[in-house]
Amino acid sequence: MQVGIDPQQLGLQLGSGAVIGGIIGFAAKKIAKLIAVIVGLELALFKFLESRGILTVDWEKLSAGLLKTGQAAGNGTPPSWLTTLLSTLSVSAGFIGGFMIGFRKG
């Protein structure tokens, strides 16, 4: 039994996956930067309100939550839904490559 692979179709799938991945990677980096700015401004606002006596912040509990989140993110394990999605796409190789390029350029 011989399996026919159409190089043009394969190239089209890889190319379209790379373009889609690049766009999503670029957007993901921009969104991550925006979230980092918002969190930084929120912490600065908390500190300002605490210095004025308007608000009392338990910084130990707040930093413990951030450390847990950072450790989970540093784990590098993608969510299960992402793994399932990428394993079912025929364009996953192009998508991953494009995502990495878009994320670095973002």
Side-chain angles (χ1 to χ4, degrees):
M1 181 173 175
Q2 189 175 13
V3 177
I5 297 176
D6 183 12
Q8 184 177 6
Q9 184 66 24
L10 183 62
L12 182 62
Q13 288 178 349
L14 286 172
S16 62
V19 169
I20 292 169
I23 292 169
I24 291 174
F26 184 81
K29 182 131 185 205
K30 294 297 181 187
I31 290 170
K33 286 180 180 180
L34 179 64
I35 289 172
V37 168
I38 290 171
V39 169
L41 289 173
E42 185 178 21
L43 291 174
L45 179 65
F46 286 167
K47 192 65 176 170
F48 173 75
L49 292 174
E50 186 179 45
S51 71
R52 298 289 181 187
I54 299 171
L55 181 67
T56 302
V57 178
D58 187 352
W59 292 104
E60 288 183 29
K61 284 189 178 183
L62 183 63
S63 63
L66 292 174
L67 290 175
K68 287 179 186 175
T69 304
Q71 289 170 351
N75 188 347
T77 309
S80 62
W81 64 267
L82 182 61
T83 305
T84 303
L85 179 66
L86 291 178
S87 67
T88 59
L89 292 176
S90 62
V91 296
S92 63
F95 178 86
I96 291 170
F99 182 87
M100 296 304 292
I101 291 170
F103 194 80
R104 287 181 187 226
K105 295 289 181 183

Gap between atom [atom2] of [Y] and atom [atom1] of [X] - 0.5 Å precision:
X	Y	atom1	atom2	result
I54	F48	CD1	CZ	6.5 Å
I31	F26	CD1	CZ	11.0 Å
I38	L43	CD1	CG	12.0 Å

Can you name the nearest heavy-atom pair linking K29 to R104, along with the distance?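 Smallest interatomic distance, heavy atoms only, reads NZ-O, 4.1 Å.
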Report whether F46 and I35 are members of the same hydrophobic cluster (ILVMFWY, side-chain heavy atoms less than 4.5 Å apart, transitive linking).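 Yes, same cluster.
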Looking at residues at least two apart in the chain, or sitting in another chain, which of them share a salt bridge (charged side-chain N to carboxylate O under 4.0 Å, His left out) with K47?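 In terms of salt bridge (charged side-chain N to carboxylate O under 4.0 Å, His left out), with neighbours along the sequence ignored, K47 is linked to E50.
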